Amino acid sequence: MPLTGDGAAGSAAGDGAADGGPVAADRAAVRRWHADLAWLPAGGVRPGVLIEAAGERFVSVRPDVPPGDVPAGTVRLPGLTLPGLANAHSHAFHRALRGAAQAGQGTFWTWRERMYQVAARLEPDSYLELARAVYAEMAMAGIACVGEFHYLHHATGGVPYADQNEMGRALIEAAAQAGVRITLIDTCYLSGGLGNDGSPEPLAGPQLRFGDGDSEGWAQRVRALGADQHGMLTAHARLGVAIHSVRAVPPGQMHPVIACSHAYGAPLHAHLSEQIAENQACLAAHGVTPTGLLDRVGALGPRTTVVHATHLTGGDIEALGGSRTVLCMCPTTEADLADGVGPARALVSAGSPLSLGSDSHAVIDLLEEARRVELGERLITGQRGNFSAAALARAATVAGHACLGWPEAGEIAPGALADLVTVALDTPRLAGVSEATALESVIFAGTAADVRGVVVGGRDVVRDGQHLLVDVPAALDDAIRPLLTP
Ligand SMILES: [Zn+2]
């Protein structure tokens, strides 16, 4: 039977943010796709994969189905189809700095000053507009779920909004309008750094917007978000929590954050050892490394994700790997901010699952993040083949979703959330690809610009390379321009 074109069958996306979010598909809706090639969890890349979903979940996945055996109304997916990608670490507002922060020299710390200038200008309405555009850019890059590490909580001077979670709710709404899932990683941020005597420095200037007084104040605000006992906030949003870093949360304040993670089964994230100066200050103040400090307070474990983990000791690697703490590498940001190259291979060998994030959004391209993990390792070790394309693809998909609290996503398999990313293989970058090495080609040479179709929860979000809900370039331009105007 003949195949129809992309998107000719099934429910159309574009309803906007209805109750339950735009990714909550009609439970009765059955959709079928026939992927020329698809990467499957057990079988690698397979041809002629017939994929069926009922509502937001896959119900059957069958490879090696010839086109003549495909039911009418099935959508053909040319190229290589992957599960939805997960961006495990995002600060949406940093997107405004792209390019603008590249002129001249500077360090992580001078970049941070620039970032604070943008933070100082955002209000719930403008942050909704910016995040909606940024999450829509992510969707166009194949990202079905974003982990938003959110600490811009309050109005200027630290004054709470009428709804003290207004900023967090704006981010949840932004994800709905962009057609993606979100884990709102509500971040505890209490101090501006560690002083020379080891005592926490008070928040100052734009940082006042990040603080909740103490971690009990933080926990009270997080409870007011109204997550259910499983940490769900809406059908498309779940709760995560974070200790911003050992710079921003004194060890005596960490327990309520960890307890909140346990209470909701919520992922616990933390920035870790991104800069050598952070390690030095932590050692001087507490006599242990940042990893040692998190270990001491009971913050490590399989539900915990550490972001960057760039400058580690052998003992740090043992503690993180041995506790199965997840590693989130953000290689384009780590390169952009001159952080260094973290010991990804050593951590994964020690037991840490690998996930990926675009963090500051110097670019938004998880294929680039994935290959940079391997390429960074090659530059450091002088050896190739440290991470296979399949291992990197797992980091970008199933491992990323799991560390954001969505273990049911990131695989094209019955029962999983019906997320699909189709990468065109007829682009200048990927033309000539052979079936046998299609995954290697996409991971090591593909880009976000090669993503042609994205389905989230059974519904089209991107079709023919176009976002169906948001005019992404215009939305980014409209949101960012006012933030950068002097
Ligand atoms: Zn970050």
Side-chain angles (χ1 to χ4, degrees), residues 86-98 101 107-116 118-119 122 127 130-131 134-135 138 143 145-153 167-168 171 182-193 206-207 209-210 240-249 257 267-279 282 290-291 294 299 304-312 325-342 344 354-366 368-369 372-373 395 400 403-404:
N87 188 356
H89 190 68
S90 161
H91 309 281
F93 73 90
H94 293 189
R95 171 65 178 82
L97 293 170
R98 183 184 296 176
T107 65
F108 171 89
W109 308 102
T110 54
W111 170 86
R112 190 176 73 155
E113 285 308 313
R114 194 80 198 272
M115 180 264 285
Y116 285 166
V118 171
L122 284 165
Y127 204 6
L130 176 60
V134 175
Y135 296 158
M138 289 185 194
I143 291 162
C145 184
V146 56
E148 178 64 32
F149 198 103
H150 166 55
Y151 53 83
L152 187 57
H153 301 303
M167 285 297 230
L171 293 165
I182 184 170
T183 297
L184 183 73
I185 303 171
D186 197 299
T187 301
C188 184
Y189 195 128
L190 302 174
S191 61
Q207 293 175 333
R209 302 187 66 180
F210 311 159
V241 298
I243 294 165
H244 178 275
S245 60
V246 301
R247 288 183 276 122
V249 184
V257 186
L268 170 63
H269 287 221
H271 290 123
L272 184 78
S273 293
E274 182 174 6
Q275 290 284 318
I276 289 170
E278 172 186 316
N279 287 7
C282 186
T291 298
L294 292 183
T304 299
T305 296
V306 291
V307 182
H308 305 307
T310 308
H311 303 285
L312 301 184
T325 298
V326 181
L327 165 66
C328 180
M329 295 277 287
C330 308
T332 64
T333 292
E334 289 148 10
D336 184 53
L337 296 180
D339 291 342
V341 179
L354 173 67
S355 64
L356 300 168
S358 65
D359 190 6
S360 69
H361 315 310
V363 298
I364 293 177
D365 188 339
L366 279 203
E368 181 167 357
E369 303 294 345
R372 273 177 173 267
V373 174
C403 84
L404 295 177

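What you are looking at is a predicted structure, and each value in this text was computed from that prediction instead of being measured. One-based numbering, in listed order, for ligands and for the atoms of each.
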Task: From Leu171, Val134, Val118, residue fulfilling side-chain contact (heavy atoms from CB on, under 4.5 Å) relative to Phe93 - done: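 One option only clears the test, and that one is Val118.
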Open item on the list: Can you check the angle at the Zn ion (ligand 1) formed by NE2 of His271 and NE2 of His89? Round it to the nearest 10°.
Closed with: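 Between NE2 of His271 and NE2 of His89, the angle at the Zn ion (ligand 1) is about 90°.
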Task: His153 to Met167 - nearest heavy-atom pair and separation - done: O-CG, 3.7 Å
- [ ] Examine the side chains of Thr332 and Glu369 and answer whether a donor and an acceptor come within less than 3.5 Å of each other.
- [x]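 Yes - a donor-acceptor pair under 3.5 Å links their side chains.
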Task: Asp359: its N/O/S atom lying closest to the Zn ion (ligand 1) (atom name) - done: OD1
Open item on the list: At less than 2.8 Å, would any N/O/S atom of His91, backbone or side chain, sit next to the Zn ion (ligand 1)?
Closed with: yes
Open item on the list: Quick check on the Zn ion (ligand 1): does Cys330 put an N/O/S atom closer than 2.8 Å to it?
Closed with: no
Task: Geometric class of the Phe149/His91 ring pair [parallel <30°, tilted 30-60°, perpendicular >60°] - done: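 Perpendicular, since the angle between the ring planes exceeds 60°.
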